[in-house]
Amino acid sequence: MEILRTVTELRQWSRDSRAKGHLIGLVPTMGALHAGHASLFRAAAASCGAVAVSIFVNPTQFGPNEDYARYPRTFDADCAPAAKEGANVIFAPAVEELYPAGASTFVDVEGLSDRLDGASRPGHFRGVATVVSKLFIAAEPDRAFFGQKDAAQVAVLRRMVGDLRMAVEIVVCPIVREADGLALSSRNMYLSASERARALTLSRAVRQAEALAAAGERRASALISAALQTFAAEPAIRVDYIELVNWATLEPVETAAPGTLFAVAAWVGATRLIDNAILP
Ligand code: PAF
């Protein structure tokens with residue numbers, strides 16, 4: 001499998017693949033690949049004849065006190081599983097390739113970028129929208145694949161694609177979980193054994209909200225206070241947010257409707273984790 005380092009190489013690969021009659025699939029990642037990423041690669045390979053996986057730890061989506069420096073970089077270990085699960089090429093640019101010296105252009109999805117994770121991580125979604133725009137411009141994909149675990153990111157990117165009339169379809173794949181319910185995340189590798197056990201509170205709260213909604217509870221206040229009680233049983237976890245929002249606008253709702261996003265974020269020790277469900 002080929003490893004491409006420059007925007008020019010990726011664009012040429014994409015155009016050559018399209019000339020051969022293939023649809024182009026792009027799976028943007030920051031590496032430290034796990035089974036959640038593999039599910040995206042498989043979905044991409046199932047519907048696109050040519051699949052590029054990008055591996056790039058994007059500096060602009062990390063705040064000054066966040067984990068950019070220590071984010072797991074496991075490039076050598078990532079290549080073989082990516083190829084096995086359907087990647088035809090890996091795009092792994094240097095930071096200067098995507099952010100040339102003096103670069104001062106950013107993509108800001110106003111409103112949405114300040115909600116959920118954007119509220120606690122100012123500038124995060126500006127960094128995500130900017131790098132994903134750069135990847136779309138370079139790879140010219142027909143379809144781009146993202147995980148539902150980053151549900152707010154999906155909302156921001158859908159809005160960006162709509163607003164900028166980008167010719168790419170955003171495909172959202174279901175959350176992949178460990179057998180005990182923990183949503184897969186590259187940041188799970190930061191957790192100690194006891195933190196890993198505590199981290200299950202997030203999926204427990206999500207499952208509870210799904211069950212209550214399925215049983216007919218539609219009031220946001222009731223769903224949120226049930227989740228708060230679940231978190232109260234684990235005082236070592238600090239809740240960042242528990243919200244019920246419209247998945248398109250990320251605005252809070254008072255009453256859940258089918259498709260409403262129930263989302264949680266919490267600090268388990270020094271690690272911030274997220275989880276969510278689209279309510280029935
Ligand atoms: O979801 C991620 O891993 C990142 O936010 C993304 C989309 C690859 C952009 O850096």
Side-chain angles (χ1 to χ4, degrees), residues 4 7 10 25-41 43-44 51-63 66-75 78 81-82 85 87 89-95 97-99 103 105-109 112-113 115-118 120-139 141 143-161 164 166 168-176 183-190 250 263 265 271-276:
L4 310 178
V7 166
L10 179 61
L26 173 69
V27 188
T29 82
M30 297 205 299
L33 302 180
H34 50 65
H37 294 112
S39 75
L40 304 181
F41 305 157
V51 175
V53 167
S54 64
I55 297 184
F56 180 68
V57 184
N58 173 37
T60 62
Q61 70 188 76
F62 291 81
E66 293 186 350
D67 56 344
Y68 175 64
R70 73 177 184 121
Y71 195 85
R73 287 161 172 86
T74 56
F75 185 75
D78 287 344
E85 301 294 354
V89 292
I90 287 184
F91 178 53
V95 171
E97 179 66 12
L98 289 191
Y99 295 99
T105 303
F106 291 88
V107 178
D108 208 344
V109 182
L112 272 75
S113 282
R115 298 186 189 279
L116 298 183
D117 310 284
S120 33
R121 303 184 65 189
H124 170 66
F125 286 131
R126 182 185 194 242
V128 170
T130 300
V131 78
V132 171
S133 300
K134 288 171 185 270
L135 293 170
F136 285 178
I137 290 167
R143 297 190 180 132
F145 297 77
F146 297 90
Q148 184 201 307
K149 188 177 75 67
D150 295 300
Q153 168 172 282
V154 165
V156 168
L157 295 176
R158 278 177 170 154
R159 175 69 65 84
M160 176 187 88
V161 162
L164 298 180
M166 289 173 159
V168 53
E169 179 191 347
I170 302 274
V171 181
V172 183
C173 299
I175 298 175
V176 178
L184 293 190
S185 161
S186 303
R187 289 191 170 93
N188 290 351
M189 58 175 84
Y190 296 153
L250 300 184
T271 306
R272 184 176 173 283
L273 299 175
I274 58 175
D275 201 344
N276 70 76

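Atoms within a ligand are numbered from 1 in the order they appear, just like the ligands themselves.
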Considering non-hydrogen atoms of the protein only, which is the closest contact for atom 1 (O) of ligand 1, and what is the distance? Gln153 NE2, 2.9 Å
Closer than 4.0 Å to some heavy atom of [X] - which atoms of ligand 1 meet that?
X: Thr29; result: 8 (C)
X: Pro28; result: 8 (C)
X: Val131; result: 9 (C), 10 (O)

Does any N/O atom on Gln61 come nearer than 3.5 Å to any N/O atom on ligand 1? yes
Heteroatom distance test (Asn58, ligand 1): nitrogen or oxygen, under 3.5 angstrom: no
Identified side-chain contact (heavy atoms from CB on, under 4.5 Å) partner of Phe125 from the options Leu112, Val109, Asp117: Asp117
Only residue of Thr130, Thr60, Asn58, Val7 satisfying side-chain contact (heavy atoms from CB on, under 4.5 Å) with Leu98 is Val7
Asn188 (side chain) donor-acceptor with Ala183 (main chain) under 3.5 angstrom: yes
Row check, Phe146 ring normal vs Arg158 NZ/CZ: under 6.0 Å, within 45°: no
Look at the aromatic rings of Phe41 and His37 and report parallel, tilted or perpendicular, splitting at 30° and 60°. parallel
